[in-house]
Amino acid sequence: MAATDGEKLTNAISPVGISGYEGQKRTCYCGELNEKDAGSRVVLMGWVNRQRDLGELIFIDLRDRTGMVQVVTDHNRSPESFRIAKKVRSEYVLCVSGTVVRRAPGTENPGSPTGMIEVMADDIKVFNRAKTPPFVIRDEAEPDEGLRMRYRYLDLRRLPMLRNLELRHKATLAIRNYLSQNGFWEVETPTMTKSTPEGARDYLVPSRLDPGRFFALAQSPQLFKQLLMVSGVDKYFQLARCYRDEDLRADRQPEFTQIDIEVSFSDEDQLFAVIEGMMKHLWKEVLDVEIDLPFPRMTWNEAMERYGSDKPDTRFGMEIHDITGLVQESGFMVFRNTVESQGTVRALCAPGCAGMSRQELDSLVAQAKEFGAAGLIHLAYLPGGEVKSPVRKHLSDEEVAGIASVTGAREGDLVLIVAGPFEVAVTALGRIRLSLGDKLGLIPEGKYKFLWITEFPLLEKNEEDSRWQAAHHPFTSPVARHAHLLESEDESDKALIRARAYDLVLNGVELASGSVRIHERELQDKMFRLLDLSVEQAEEKFGFLLEAFEYGAPPHCGIAFGLDRLVMLMAGVGSIREVIAFPKTTKATCLLTGAPSQVSPEQLEELGLLRKADKQQKTCK
RNA sequence: GGAGGCGUGGUGUAGCUGGCCUAACAUACGUGCCUGUCACGCACGAGAUCGCGGGUUCAAAUCCCGUCGCCUCCGCCA
């Protein structure tokens, strides 16, 4: 029990005697010792991972951030250190002096990197004792994540977590080095800035000196980096903390880090080359993995057509196929009606899945519906040539054969079909593709498939008020061939305009996002008109940027990486919390510090958030 | 805003079609023994009113309702 431990710690007469740190120098780290060190005297400092007391012989696994090494004491050799070792417990903090020796034949531990040697202790000092930790600090242990976050400092003691922190450090260092060598300057921008009306919800900071007014924590340095281009910084980058008050996910935290980059007098091709070089450098430096350049490029349209996603995982195939032409005169009315109402019919082939059970099929249908599809049709191409499907009787033999031919389905395969509006049909199948790919084990481990997605739609319709809004942000250039559509009278043309916006995708994860910016005032004004923004509104929201652009803005473009996601993928873990030292829960709280917390009425009053009267009322309660 | 999963000694789990549960197992913890362990071993011991609140019942860890916490997903994230 915690209380008992506390008593033990404070009341027990120390049998070991805690030593202060008196300048004794550590000579090396535990995990770095090997056979070459045999014979040398060392001074180690670290935590007790485990003590094994064999009576007249005691082993201690001493741990620091590099790893572990076995310390031995026997009572003949050093009675004093033996006496101390006897009382040592897990997580005690020790200074061990001794000699590295090769282990006797037959006592080596091939399972440990330092298993060929051990340290014969002739002096052990205890810097500190430790309560029994709330969970075992061992690499493979996986306690409840809430508990890990509550005691994050203990969770981070686990070597895999320390590895993640180290990896993150190496990654950011490699990025800084690479960008600096390529002429980029790191410039800091304000985190306390002006609230932006569009985009994510802001975290607000009240101004004491200007009661009733608020700063917003920056959602990104977007506007500042464009101002820096106007300033002639030319090549900018920043590892910037960003804050967004939106619901959390495994890959989303309320505060996160962007690798923010912007360059002047460059187009996509030049920027892509710099970024590709950065990724190559990063993977080589940190993971010692060679990656191939250049990265393939795919337009947004093609990505949606083939993978039903704007961040396709191209580590495996199972692509989506268009069978609209095949079924436009189908006897199955769902298909025919879809085609007549300008919809589309798409299919994908799940290899070897013809034998799927009723239950598994039902779950696929449920998934498809969850992803927005009206339904999901399946055709099982059974071994022997028979085709089983709830709609088999509505389909002609030609249709059945045609679908097999287009999707590449063979005997034993299952074809899944969704009919509906383009984006609905392909995204539903795209999600099914991912979930099946995972289930069928089609996704290879250890592969890095980078991919540029280009020509995103410039605008998208806001579902709530059906207004057009910028898909990326309002300063994104349209592609030249669509510039004329900006002024088109035809409303449906707006959906067709493509932007000079791009994402870098890795293994199905959006790693980075950017665009070529508008740097001419007239084009920008057209853009605002398109977004139904009046001159006044634009002025109110981004006036300072528009004004800056009137003093000579260079053409510029940029990109921003989610550093947390990048490191997550490099570390091979499933959540960015694993690569963030002190993450927040899915309710955006910090279990370690207890933030967010209440503040005193005095504090609120000082900030102008509480009137004196309210305060008195509150205190009276 | 919505859907789902989980919550039982310090930790990880079992039990959860109600009663034989006076809650099991492993590990950690405490004491003792042990000179080659490395998930050390052996013996003994201590440790949980089953997240919290309410209900149903003769009887609730178990069923129902609510609530809190953690996680996953949808919406959301210019």
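To find a chain, count down the sequence lines: A is the first, B the second, and so on, and within it residues start at 1. For the numbers below, each heavy atom of this structure counts, side chains included, while hydrogens, waters and symmetry mates do not.
- When the C1' atom is used for both B:C50 and B:C16, the distance is 10 Å, rounded to whole Å.
- If you take CD of A:E145 and C1' of B:G12, they are 16 Å apart, rounded to a whole angstrom.
- Of the N and O atoms on the side chains of A:S435 and A:Q367, at least one donor lies less than 3.5 Å from an acceptor on the other residue.
- The separation of B:G1 from B:U67, taken at their P atoms, amounts to 13 Å, rounded to a whole angstrom.
- By the neighbour-count criterion of 12 heavy atoms within 6.0 Å, atom NZ of A:K584 is densely surrounded, having more than that number from other residues, nucleotides or ligands.
- A side-chain contact (heavy atoms from CB on, under 4.5 Å) with A:L376 is found for one member of A:L361, A:L416, A:D362 and no other, namely A:L416.
- In this model, the phosphate group of B:C70 is approached by a side-chain N or O of A:T589 to a distance below 4.0 Å at OP1 or OP2.
- Judged by distance alone, with hydrogens and angles left aside, A:D53 brings no side-chain donor or acceptor close enough to the base of B:U37 to form a pair under 3.5 Å.
- Across the protein-nucleic acid pair, A:E142 atom CD and B:U13 atom C1' stand 15 Å apart, rounded to whole Å.
- In this structure, CZ on A:R158 lies 10.5 Å from CZ on A:R63, to the nearest 0.5 angstrom.
- Across the interface with RNA chain B, nearest-nucleotide mapping of A:Q51 and A:G574 shows A:Q51 to be the residue nearer the 5′ end.
- A donor N or O paired with an acceptor N or O is found under 3.5 Å between the base of B:G75 and the side-chain atoms of A:D247.
- The side chain of A:M120 lies closest to B:G36, out of B:C71, B:G36, B:C77.
- Across the protein-nucleic acid pair, A:D61 atom CG and B:G36 atom P stand 17 Å apart, rounded to whole Å.
- For A:R50, the listed nucleotide lying nearest its side chain is B:C40; candidates were B:C40, B:U35, B:C70.
- Straight-line distance from the CD atom of A:E370 to the P atom of B:U72: 16 Å, rounded to whole Å.
- The nucleotide B:U49 finds no pairing partner, because no Watson-Crick or G-U wobble arrangement with both distances shorter than 3.5 Å includes it.
- At whole-Å resolution of the value, CD1 in A:I117 and P in B:C38 are 18 Å apart.
- Between the side chain of A:R252 and the base of B:C77 there is at least one donor-acceptor pair of N/O atoms closer than 3.5 Å.
- Judged purely by atom type and a 3.5 angstrom limit, A:Q238 uses its side chain to pair as donor or acceptor with the backbone of A:T189.
- Taking only side-chain atoms of A:L57, from C-beta outward, the nucleotide of B:C40, B:U35, B:C38 with the closest atom is B:U35.
- At whole-Å resolution of the value, NZ in A:K584 and C1' in B:C70 are 16 Å apart.
- Here, B:G47 and B:U57 have their P atoms 36 Å apart, quoted to the whole Å.
- Nearest to the side-chain atoms of A:T585 among the listed nucleotides B:G12, B:C29, B:C71 stands B:C71.
- A:R431 has its CZ atom 18 Å from the P atom of B:A3, to the nearest Å.
- Each of B:U35, B:G10, B:C77 was ranked by its minimum atom distance to the side chain of A:D74; first place goes to B:U35.
- The separation of B:U72 from B:U27, taken at their C1' atoms, amounts to 28 Å, rounded to a whole angstrom.
- Between A:F59 and B:U37, a base-stacking contact is recorded: ring centres under 5.5 Å apart, planes less than 30° from parallel.
- Of the possible polar contacts, none joining the A:Q226 side chain to the A:F224 backbone as a donor-acceptor pair under 3.5 Å is found.
- Closest approach to the A:T586 side chain among B:U37, B:C40, B:U72 is made by B:U72 (side chain taken as heavy atoms from C-beta onward).
- Neither OP1 nor OP2 of B:C77 sits under 4.0 Å from any side-chain N or O of A:R565.
- Looking at A:E118, its side chain comes within 3.5 Å of the base of B:G36 through a donor and an acceptor atom.
- Comparing B:U11 with B:C70, their C1' atoms sit 16 Å apart, to the nearest whole Å.
- Checking side-chain atoms of A:Q51 against main-chain N and O of A:K86 turns up a donor-acceptor pair under 3.5 Å.
- With both ends at atom C1', the span from B:C21 to B:U49 equals 13 Å, rounded to whole Å.
- Separating the OG1 atom in A:T593 from the CZ atom in A:F582 is a distance of 10.0 Å, to the nearest 0.5 Å.
- Considering only side-chain N and O atoms, A:K587 lies under 4.0 angstrom from the phosphate OP1 or OP2 of B:G69.
- Side-chain N/O atoms of A:R52 include one lying less than 4.0 angstrom from OP1 or OP2 on B:C40.
- Across B:G75 and B:G55, the matching C1' atoms stand 34 Å from one another, rounded to whole Å.
- Distance CZ (A:R201) to C1' (B:C77): 9 Å, rounded to an integer number of Å.
- When the side-chain nitrogen and oxygen atoms of A:R89 are compared with OP1 and OP2 of B:G30, one or more of them lie within a distance under 4.0 Å.
- The side chain of A:R138 approaches B:A28 more closely than any other nucleotide in the set B:C70, B:C38, B:A28.
- Figure legend. B:C58 is base-paired to B:G19; pairs are counted as Watson-Crick or G-U wobble with both atom distances under 3.5 Å.
- The residue among A:A250 and A:R244 whose nearest nucleotide of RNA chain B is located toward the 5' end is A:A250.
- Taking the P atoms as reference points, B:C25 lies 36 Å from B:C68, given to the whole Å.
- Here B:U13 sits opposite B:A24 as a Watson-Crick or G-U wobble pair (both hydrogen-bonding atom distances under 3.5 Å).
- Looking at A:D503, its side chain never comes within 3.5 Å of a backbone N or O of A:V505 through a donor-acceptor pair.
- Nucleotide B:U35 is matched to nothing when pairs are restricted to Watson-Crick or G-U wobble geometry with both distances under 3.5 angstrom.
- B:U72 is paired with B:A3 under the criterion used here, namely a Watson-Crick or G-U wobble arrangement in which both key atom distances are under 3.5 Å.
- Looking at the side chain of A:R249, the nearest of the listed nucleotides B:G12, B:C74, B:A28 is B:C74.
- Scanning atom types as modelled, one donor and one acceptor separated by under 3.5 angstrom connect the side chain of A:R103 and the base of B:C38.
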